[in-house]
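Read through the structure below, which is laid out as structure tokens, and then see the notes.
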Amino acid sequence: MRGAGSRRSPGVRCGLAALGLSVALAGAARAQDAAATSAPAAAGAPIRLQLNRLEASGEACRATVVVDNLKGPAIKSYKVDLFAFDTEGVAQKRVAVELGPLPARKTTVKLFEFAGITCPKIGRVLLNDVLACEGGEGGREGCLERTETETKAGVPLDR
């Protein structure tokens, strides 16, 4: 036998059902938001490209580049399109450089040369594009967006 206070009218039952549904939906939305924010954090982790050093190598200029992939997934191929500008701002040399593979959570050092231009003539280096980014999430365009540039060589490395 129920007491007088324990009976629920149909309107109260519907209200409780609606409240339960909205609580369940809110919980599902929070779980979905949490999953969405944690997955892209790894996918959107920056690739830091640092022009670390320029040094003479005969008639060429040898560049030392540090690639920091400390927060991102492994990348099988990471090929960049670079332009060397002279001290007057005129484009002088274009090189396509394979900087991969980039292991996950690792920093690597790569060397390459700007043939036919001496280091004192280089006034700036431009990351023109990412030509290949295999194995990284987001493809070539995603890797370009994730790439951050810096320099320690006394010559700017711009995007």
- Message: I'd like to know if Val97 and Leu157 are part of one continuous hydrophobic network [Ile/Leu/Val/Met/Phe/Trp/Tyr, side-chain heavy atoms within less than 4.5 Å].
- Response: yes
- Item | Close side-chain approach of Pro46 to Glu148, heavy-atom, < 4.5 Å | yes
- Message: For the backbone of Leu102 and the side chain of Thr108, can you confirm whether one donor and one acceptor N or O come within less than 3.5 Å of each other?
- Response: no
- Message: Donor-acceptor pair, distance only, cut-off 3.5 Å: does the side chain of Glu98 make one with the backbone of Gly100?
- Response: yes
- Message: I'd like to know if the side chain of Asp129 and the backbone of Val80 have a donor-acceptor N/O pair within less than 3.5 Å.
- Response: no
- Correct closest heavy-atom pair for Ala115 and Ala60 would be CA-CB, 3.8 Å
- Would you please test Val67 and Ile47 for side chain to side chain contact (heavy atoms under 4.5 Å, CB included) and show each step? CA-CA 7 Å; Val67 186; Ile47 300 167; 4.0 Å; yes
- Query: Side-chain heavy atoms under 4.5 angstrom apart, residues restricted to Ile, Leu, Val, Met, Phe, Trp, Tyr: same cluster for Ile122 and Leu126?
  - Reply: no
- Are Lys152 and Arg53 side-chain neighbours, meaning at least one heavy-atom pair lies under 4.5 Å? no
- Working for side chain to side chain contact (heavy atoms under 4.5 Å, CB included), residues Gln50 and Thr64: CA-CA 9 Å; Gln50 180 193 86; Thr64 302; over 6 Å; no
- Query: For the residue pair Phe112 and Phe114, does the interplanar ring angle fall in the parallel (under 30°), tilted (30 to 60°) or perpendicular (over 60°) class?
  - Reply: perpendicular
- Would you give the length of the straight line joining atom CZ of Arg124 to atom OG1 of Thr87, rounded to the nearest 0.5 angstrom? 12.5 Å
- Task: Taking atom types as modelled, find out whether Thr118 and Glu59 have a side-chain donor-acceptor pair closer than 3.5 angstrom.
- Result: no
- Query: Out of curiosity, Thr149 OG1 to Leu49 CG, how far, rounded to the nearest 0.5 Å?
  - Reply: 7.0 Å
- Item | Any donor-acceptor N/O pair, Ser57 side chain to Cys61 backbone, under 3.5 Å | no
- Query: Taking all non-hydrogen atoms of both residues, which atom of Leu54 and which atom of Ala63 are closest, and how far apart?
  - Reply: CD2-CB, 3.8 Å
- Query: Got a sec: does the NZ of Lys110 have more than 12 other heavy atoms crowding it under 6.0 Å?
  - Reply: yes
- Query: Can you tell if the side chain of Asn69 reaches within under 4.5 Å of the side chain of Arg105, non-hydrogen atoms only?
  - Reply: no
- Query: CG of Leu144 to CG of Leu131: how many Å apart, nearest 0.5 Å?
  - Reply: 10.0 Å
- For residues Leu82 and Leu127, determine if any side-chain heavy atom of one lies less than 4.5 Å from a side-chain heavy atom of the other. yes
- Taking every non-hydrogen atom, the tightest pair across Pro156 and Gly123: CD-O, 3.3 Å
- For Arg140 and Cys133, work out which heavy atoms get closest and say how close. CA-CB, 3.9 Å
- Query: Is there a chain of hydrophobic side chains (I, L, V, M, F, W, Y, each step under 4.5 Å between heavy atoms) that links Phe85 to Ile117?
  - Reply: no
- According to a 4.5 Å side-chain heavy-atom criterion applied to Ile, Leu, Val, Met, Phe, Trp and Tyr, with indirect links allowed, do Val66 and Leu51 form part of one hydrophobic cluster? no
- Go through the steps for Val90 and Gln92 under the test side chain to side chain contact (heavy atoms under 4.5 Å, CB included), then give the verdict. CA-CA 6 Å; Val90 178; Gln92 295 294 314; 3.5 Å; yes
- Going only through I, L, V, M, F, W and Y residues with side-chain contacts under 4.5 Å, is there a path from Val130 to Val95? yes
- Item | Straight-line distance of Cys143 SG to Lys79 NZ, nearest 0.5 Å | 14.5 Å
- Interatomic spacing from CZ in Arg146 to NZ in Lys71 - rounded to 0.5 Å: 12.5 Å
- Determine yes or no for a side-chain-to-main-chain donor-acceptor pair under 3.5 angstrom, with Arg159 supplying the side chain and Thr147 the backbone. yes
